[in-house]
Every structure is written in C-alpha cells, then in structure tokens.
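Notes to accompany the following structure.
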Amino acid sequence: MTPEPPTQSIAVVGSGLAGLTAAHFLQRGGRRVTLFEQGAAVGMDAASLTVAGERVDVPLRVFTPAYYPCLTRMYAHLGVASAAADYSLGVSHAGAPVWSYTNVRIHGVCVPVPDGLASATALGSRRRRVTRDWVRLLYAALQMQRMPWRLADRQVARQTIAQYLGAQRYSDDFATHVLVPFVAAVMTCSLAAAAEYPANAVLDFVGRVAFGRRVRRAAGGVQEVCRALAEGLGDVRLGTSVVAVEAGGGDGGGGSRGCTVVVEAADGSGRQRLGFDAVVLATQADVAARLLASGSGDGPLLADMLRALRAVPYEDARVYTHADASVMPADRAHWHAVNLATHASGARVTSTHWLNQVDGR
Ligand SMILES: Cc1cc2nc3c(=O)[nH]c(=O)nc-3n(C[C@H](O)[C@H](O)[C@H](O)COP(=O)(O)OP(=O)(O)OC[C@H]3O[C@@H](n4cnc5c(N)ncnc54)[C@H](O)[C@@H]3O)c2cc1C
C-alpha cells in the first residue's frame, strides 16, 4: 500500500474576504489551515455594526452579478441569500446639487434613470448637459460590453479616463463633478488617482454595474458569509499579528524545522516562529511586501514578488461610520444611497453612503 501523502499545512495571513475565501477552499481541499488575523474579530466583518438588533455591513458590501461573477457563485455555493440593494446616486459641488439618478426596474432590467427626467423642462442646462453625457457614457459602455474587443481598442486601452472624456468632448461638469468623483468613491482613491484610471476599466465597470441585474447585498449581512466561510476551520488565531514571513528549509527554531515557509507571529503572550508548507498573504500589497521584506530570505523570485507588490501605490483615505446628517445634502429630498460631494477647492471628494437607504430599511 502506498502511504498517504502528508497533509499540507498552509498559513493564511488576514481574514478579510480574500483570506477567509482562501482558507475555506484550502480546507475543503484537504489542507491543514492556520488563519492569522491581527484584529480581535474576523476582518471581513470587523467594522460592521448591530443597530437596534439589525446588522449593518461596514463598509458597504454590495455587488452586481455581472461585475462580481465569482463572488456571486461563491455566495450560491455557501447558500448565502442575497437581497436587492439601492445604489441611487446624488452628486453635489460646493454644497449645491449637480445631478442625481434613481434605479428603476424596466422589464426586469435595472436602469439608472436621471432624476427630473419626467419633467424635462425642470432640468436646468447643467443637469441636461450631465444627463446627455451620462446617456452617452452608458451607450459607449454597453457597446463595449456587446463587443468586448473594443475595450482592447488600441486608443481606448491607452487612454486614462480623463483623456478619454476630453477626447470624446464630454462636458467639464460631467467629468469633474460626476464621473471622476464616482470612480474615486468606488475605488477609494483621490480625485487625481481616479482621473488616471484606464478608460477601458471604467467603461467596463460602468457597463456591468450601472445596467442590468440589480445591485445586491448578502441578505443576512456579511456576518453570515463569514460564518459560512469560517465553518470547519480548526485553527483561527485572532489577535495574532504576523510580523515576518521567510523561506524555511532549515532549522528555523520552534515548530519550523524542515518546512518551506516560516511565519513569525506575535500575540499577547509573545512571539512564535511556526513552520508551514506554504503561506497565503491575504493582506493589502504594502503589508505583504513589508512581511516578505522582514524575513531573511532573498533570491530572484522574492525580488520579483517585492517589485510587484511595491508597484501598488497607496494613498491616505479615511472611512468613518457616523450618524452626522450635516455631511448630507442640505435638502433631504436630495439624499441618495450614495452621495458624492466635491468641495469648492475641487481637490477633494467625500462619498457618504446612506446605509439605511442602501439596505432598504
Ligand atoms: C468605503 C468602502 C466601501 C466599499 N464598498 C464595497 C462594496 O460595496 N462592495 C465590495 O465588494 N467592496 C467594497 N469595498 C472594498 C472591500 O471592502 C475590499 O475590497 C475588501 O475588503 C478587500 O478584502 P481583502 O480580504 O483583500 O482585504 P482586507 O479586508 O483589507 O483584509 C485584510 C485583513 O488582513 C489583516 N491583516 C493585515 N495585516 C496583518 C498581519 N500582519 N497579521 C495578521 N493579519 C493582518 C487585516 O486586519 C484585515 O482583516 C469598499 C471599501 C471601502 C473602504
């Protein structure tokens, strides 16, 4: 009889969506998984809240089946039910409303209909201009969806979204107050970084998110997703920060003899060096680079990985959970699920998600 191959042991660092998913599928595939999370709770749900007995996902965790096919399949695999979410959008500049849309279901298709269309005369010239540009952009994005090779069109593929809007003569109001702030809010980045996004990536996003089947969320909140993904994981170490990862293969001390990877972890009781056959770094790229650089390893593969991870630039973005109505549009009639506000200086955008509205409460 051939002996059973030894079970591979895998360390997963980080318990956000990426880490939990990796741990779940590795465990199902017969690996022995140890999941490390520096926070006191599973990362994917750590910022969520319970308000008046109801679970509120923080940050927003909405998805559309067309843009998130893998997530949608995974929710189905886990038996997580989804519910419709609202993703209506309002945009203001220097405190004055510029433009907004509401999602309307037409023959089963969810269409973002600009507000005020019913009484066309009520649309000011600015709103009319932005509406015309929004319709143009949707049309271009839908065309790209029907003919995906156009996304790779040499000119579009080379352009940033700011260059594309300029070349196609979109109005400044639409570019500066609507689309670029929208990209900044969705990608959690500055206006300057949003303007540099590849045009084809933005068109692809708009085509698949803004039109089609409705924006959805996990009906029971992502805590249900976390529960399902973590089920059966034997070794989950909360409050344990990984401080270095390095190649093993020798006498690394502690439990790391003869292993491929050594993970150094710190918790309230001190530091430990642990050996594994492999490690999944499910953290942000800058953290992964720091962990790999803290180890004593070298070699061309590590150098390549560090180069790739360090090529991802990071900016400071602040996310607050609050109940401060003063950051919402002054007129409550202009409140939407997502409220983008560019400031008078034009240098900053604030995106406020009205979570009651998103979740339909
Ligand atoms: C305001 C906002 C709104 C968003 N809205 C949506 C949305 O509607 N839909 C959507 O799909 N996405 C949305 N996102 C994006 C989504 O939240 C992220 O894409 C997702 O959380 C990334 O998951 P991740 O597992 O890659 O990373 P993270 O969630 O960042 O997980 C990394 C984990 O690793 C842990 N960690 C880090 N370093 C260490 C260490 N050294 N040792 C141990 N543990 C460590 C961290 O504590 C964390 O728990 C939004 C983001 C923001 C900020």
Side-chain angles (χ1 to χ4, degrees), residues 11-25 34-48 56-72 74-75 80 82 85-87 89 181-190 205 208-209 214-218 221-222 225-226 229-230 235-245 263-267 271-272 274 279-295 309 312 314-322 337-340 349-355 357-359:
V12 176
V13 184
S15 64
L17 176 60
L20 276 178
T21 306
H24 172 82
F25 284 104
T34 302
L35 179 61
F36 296 94
E37 169 55 52
Q38 64 186 7
V42 164
M44 186 182 184
D45 200 34
S48 301
V56 181
D57 289 340
V58 178
L60 200 67
R61 300 284 185 173
V62 298
F63 65 99
T64 57
Y67 196 70
Y68 295 83
C70 297
L71 187 76
T72 307
M74 188 173 77
Y75 279 12
V80 168
S82 68
D86 182 33
Y87 207 79
L89 176 76
F182 178 71
V183 174
V186 167
M187 307 302 177
T188 323
C189 65
S190 65
F205 179 82
R208 289 200 276 160
V209 169
R214 209 167 172 173
V215 176
R216 305 193 70 77
R217 63 183 177 88
V222 293
V225 179
C226 290
L229 285 174
D235 193 0
V236 179
R237 302 190 186 193
L238 299 177
T240 307
S241 190
V242 169
V243 291
V245 171
V263 167
E264 189 170 344
D267 61 14
R271 287 191 178 210
Q272 258 189 309
L274 301 158
V279 61
V280 176
L281 296 177
T283 65
Q284 303 294 316
D286 56 343
V287 176
R290 215 165 45 239
L291 293 179
L292 288 174
S294 317
L309 291 168
V312 179
Y314 279 83
E315 299 175 310
D316 199 24
R318 285 160 203 237
V319 181
Y320 302 94
T321 308
H322 63 85
V338 181
N339 304 275
L340 300 180
V349 60
T350 311
S351 167
T352 307
H353 300 139
W354 182 16
L355 291 172
Q357 181 73 13
V358 172
D359 289 359

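Counting convention: from 1, in listed order, for ligands and their atoms alike. Along the sequence shown, residues carry numbers from 1.
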Do any N or O atoms from the side chain of [X] and from the backbone of [Y] form a donor-acceptor pair under 3.5 angstrom?
X      : Y      : answer
Asn339 : Thr352 : yes
Arg216 : Ser82  : yes
Arg61  : Met44  : yes
Ser351 : Leu340 : no

Val209 and Val186, any side-chain heavy atoms less than 4.5 Å apart:
no
Can you work out which protein residues put a heavy atom within less than 4.0 Å of ligand 1?
Val13, Gly14, Ser15, Gly16, Leu17, Ala18, Phe36, Glu37, Gln38, Gly43, Pro59, Leu60, Arg61, Val62, Tyr68, Thr188, Thr240, Ser241, Val242, Ala282, Thr283, Gln284, Val287, Val319
Checking Arg237 now: which residues fulfil side chain to side chain contact (heavy atoms under 4.5 Å, CB included) with it, not counting sequence neighbours?
Thr34, Phe36, Asp235, Thr240, Gln272, Leu274
